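Take a look at the structure below.
Source: prediction; values computed, not measured. Worth knowing before you read on, the calculation uses all heavy atoms, side chains too, and leaves out hydrogens, waters and symmetry mates.
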Amino acid sequence: MNNITKFEDITNSLISRRSLIKKGFAFGGLALMSSTLGSITAYSSQSFFNFTKVDCNNNDTITLPEQYNWSVVSKWGDPMWSDVEEFNQTSCGSHESQLKSVGDNNDGMELFITSDNKTLLAVNNEYTNHKIIFSNRKSLLPENKEDILKGMYAHGVSIFEIENSNNQWNLVKDSKYNRRITPFTKMEITGPAKGHSLMKTKEDKDGIYAKGTWNNCGSGKTPWGTYLTCEENFNKYFSSSDKNFKSTNELNRYGIRTREIGLNWAKADSRFDLSKEVNEPNKVGYVVEIDPLNPNSTPKKHTALGRFKHENAELVISKDGKIVVYMGDDERGEYLYKYVSNESINEVKDKSTLLSNGNLYVAKFNDNFTGEWLLLDTQTTGLSSKAEVCIFTRLAASKVGATTMDRPEWIASNPKKNEVCCCLTNNKNRGIKTNKGGDKVDVDKVNPRKNNKYGQIVRWKPRDNNHSSVYFEWDLFVVAGNPNVHDDNNRGSKNIDKENMFNSPDGLKFDKYGRLWIQTDGNYSNSGDFKGMGNNQMLIADTNTGKIKRFMVGPKECEVTGLTFAPDYKTVFVGIQHPGERLGGNFPDNGNNKPRSCIIAIQKKDGSQVLT
């Protein structure tokens, strides 16, 4: 077909297919069971949207419907133990204090309840804002080993107990469950790549463990009560002290550069020096499983789930009891993946082995709104071993001709029916240039716009309502845009209007009632193509009707990301990442204080469940 798809054809297709969704997502003659439909239709539109719409704005605070309030639960630099000094606004702490305090730039998170009825948050700490964490340095960069270590310890995962006192959630210092996981934490390697020569280093001659995790983006949760943290932009932390070091195709495919970009991690730890440890990058870029209920447990890096810039890990159980994990590779022109365990959840005692023994697939979206998960193994990819498939997953996906996507972000599965949604946040290269592997990034029906500024959310339904099936049907649930500025394909799909417009959908989660919560990480200039959109925001959608309504607007220069609920659904926890990242705001402490990433708790003023 012509590689330029008319946007009108896409929206017309969406309208006709959305009418099918209302009748039970009956694509290709396949319909949901009546019992499932009944559970969905039991919730009225009023149940989904029982709040007053929030308007876009550029305020340096949280904006919510009138019947809600918010409070801060934790902030970057908050001590997790009582022997640590409070956050120092001048120095932003030391590496010793950072090691025992909440990490920076919180992203994905999940909530856990212990056997002794304690509430825990497991929270990713993605990266550091140099202009803020090193604001005590004239260069605004790490200038010595102390600075570098402080930045390193701000990465990883923070696990801490929280408690609710008089409707105010706070971090509990000195809890036996409190734990920091950093770039130095020892981790077990599992799956096909364990022990492979590409995983062996001077420190780990057997290739069976990795040291640390960093740039942790989205998250996931297993049915057996463990936390999944996802390594994303791991490539930025490596460099080479040898100017004559020659890069490889594999390093280039993952964006790993030989020159330093200001992080200087190699000066504090030689494993980040490519000329000294060329295999070290092969140990990062995975989904890591952590048991938050056991602070002494060893995290596991599951190589069977592939190596790429993981956004989140959405785990579901298929009709035949298999563990299925949906994953996106967050880079322009990269791919959507699915992992299916070989065994069912009832066949094994150690449930974590379900994430180390299975098959990896990559998605191909056809223009007739069907799709297929393409198997990645030695026969389909031509790679010499399954270990290489798992280490060089991007290369494997390129070999089988999968569909290049507009930056796959969070993926969410509806608990009320067998549909899965994924944010395709934006892609300035769509229809313009290839990805790093030279794969074409042409305009197609699932990525329908050249130079995609606004993003879209793709949705699919597995055949026979079985997530382990290799076939699916798909549509675009929403195509974001700006009807204030455009009347062409950049105005968005028909469920976008001047009252609910947004750009760059990123975070995504269904609640237990089947409401889809959409979080954005886009352009907050409020000008040009983004006029009237204001700060980043959080919206709620009904995937039965296509209706979308804005619930929250974040503070200046932030990303809204990370979402989890208290068991009684009276609190929703939301992440506010990099507020004031360009030093244009001071949230949440305001005044002359440093802006700090934080987690907030949102509650209804009357104490009832959120959105009831």
Side-chain angles (χ1 to χ4, degrees), residues 187-216 228-238 246-258 271-272 274 276-289 299-311 313 325 327-331 334-340 342 355-362 374-400 402 435-439:
M187 303 186 173
E188 177 188 349
I189 293 172
T190 78
K194 182 176 183 177
H196 193 273
S197 59
L198 288 168
M199 303 293 274
K200 295 179 180 179
T201 60
K202 294 174 183 176
E203 186 174 336
D204 173 28
K205 293 181 172 54
D206 297 319
I208 59 174
Y209 73 87
K211 186 183 285 186
T213 186
W214 56 91
N215 212 277
N216 304 76
L228 301 179
T229 180
C230 302
E231 299 174 336
E232 192 189 25
N233 294 307
F234 62 90
N235 56 300
K236 298 178 181 179
Y237 298 81
F238 295 93
K246 292 185 178 180
S247 189
T248 64
N249 289 334
E250 290 79 11
L251 290 173
N252 293 334
R253 185 73 168 87
Y254 282 88
I256 298 169
R257 302 178 181 179
T258 58
R271 64 192 162 108
F272 293 97
L274 296 169
K276 297 177 180 178
E277 284 290 7
V278 70
N279 280 346
E280 189 66 32
N282 299 334
K283 291 175 174 280
V284 64
Y286 300 101
V287 174
V288 182
E289 183 182 12
K300 298 179 179 181
K301 289 201 177 190
H302 291 301
T303 65
L305 275 62
R307 176 172 165 264
F308 44 89
K309 291 184 178 180
H310 285 273
E311 185 67 18
V325 186
M327 301 165 287
D329 185 352
D330 182 11
E331 188 161 312
E334 289 299 337
Y335 302 101
L336 267 171
Y337 296 90
K338 180 176 82 170
Y339 167 89
V340 182
N342 288 337
L355 299 178
S356 60
N357 185 19
N359 289 308
L360 192 60
Y361 300 83
V362 64
L374 307 175
L375 178 64
L376 299 177
D377 64 9
T378 54
Q379 290 186 326
T380 60
T381 66
L383 296 176
S384 61
S385 66
K386 195 167 184 178
E388 289 194 14
V389 171
C390 294
I391 296 170
F392 302 130
T393 309
R394 283 184 170 179
L395 280 71
S398 294
K399 295 277 189 182
V400 301
N435 68 8
K436 283 188 173 69
D439 303 321

With sequence neighbours excluded, tell me which residues meet side-chain hydrogen bond (donor to acceptor under 3.5 Å, both in side chains) with Thr380. Asp377
Return the set of residues passing side-chain hydrogen bond (donor to acceptor under 3.5 Å, both in side chains) with Glu280 (not counting sequence neighbours), or none when no residue passes. none
Assess whether a salt bridge exists between Glu331 and Arg394, defined as any Lys/Arg side-chain N lying under 4.0 Å from an Asp/Glu carboxylate O. yes
Is the distance between the ring centroids of Tyr237 and Phe272 under 6.0 Å? no
Got a sec, which residues hit side-chain hydrogen bond (donor to acceptor under 3.5 Å, both in side chains) with Asn249, two or more places apart in sequence or on another chain? none
Side chains of Glu231 and Lys301 in contact at under 4.5 Å (non-hydrogen atoms): yes
According to salt bridge (Lys or Arg N to Asp or Glu O under 4.0 Å), who are the partners of Glu289, at least two apart in sequence or on a separate chain? none
Arg307: partners by salt bridge (Lys or Arg N to Asp or Glu O under 4.0 Å), with sequence neighbours left out: none
If we check side chain to side chain donor-acceptor pair (under 3.5 Å) with Tyr335, which of these qualifies: Asp329, Asp439, Thr393? Asp439
Which residue in the set Asn359, Leu360, Thr303 passes side-chain contact (heavy atoms from CB on, under 4.5 Å) when paired with Lys386? Asn359
Just jot down the ring pair (Phe, Tyr, Trp, His ring centres under 6.0 Å) partners of Tyr337, sequence neighbours excluded, or say none. Phe308
Residues that Thr258 engages under side chain to side chain contact (heavy atoms under 4.5 Å, CB included), provided they are two or more places apart: Ser240, Phe245, Ser247, Leu274
Residues that Asn216 engages under side-chain hydrogen bond (donor to acceptor under 3.5 Å, both in side chains), provided they are two or more places apart: Thr213, Thr229
On a heavy-atom basis, which atom in Val325 and which in Ala313 lie closest, and how many Å separate them? CG1-CB, 3.8 Å
Results of ring pair (Phe, Tyr, Trp, His ring centres under 6.0 Å) for Tyr209 - residues two or more places apart only: none
With rounding to the nearest 0.5 Å, note down the distance linking CG in Asn215 to CD in Glu232. 6.0 Å
Are Lys436 and Glu334 within salt-bridge range, i.e. N to O under 4.0 Å? no
Contact between Ser398 and Arg253 at the side-chain level, heavy atoms closer than 4.5 Å - yes or no? yes
Residues in ring pair (Phe, Tyr, Trp, His ring centres under 6.0 Å) contact with Tyr361, at least two apart in sequence or another chain: none
Check side chain to side chain contact (heavy atoms under 4.5 Å, CB included) between Thr378 and all other residues, then give those that pass, not counting sequence neighbours. none
Test: salt bridge (charged side-chain N to carboxylate O under 4.0 Å, His left out). Region: residues 188-203. Which pairs qualify, not counting sequence neighbours? Glu188-Lys194, Glu203-Lys211
Side-chain contact test, heavy atoms from C-beta onward, threshold under 4.5 Å: evaluate it for Val284 versus Phe238 and give yes or no. yes
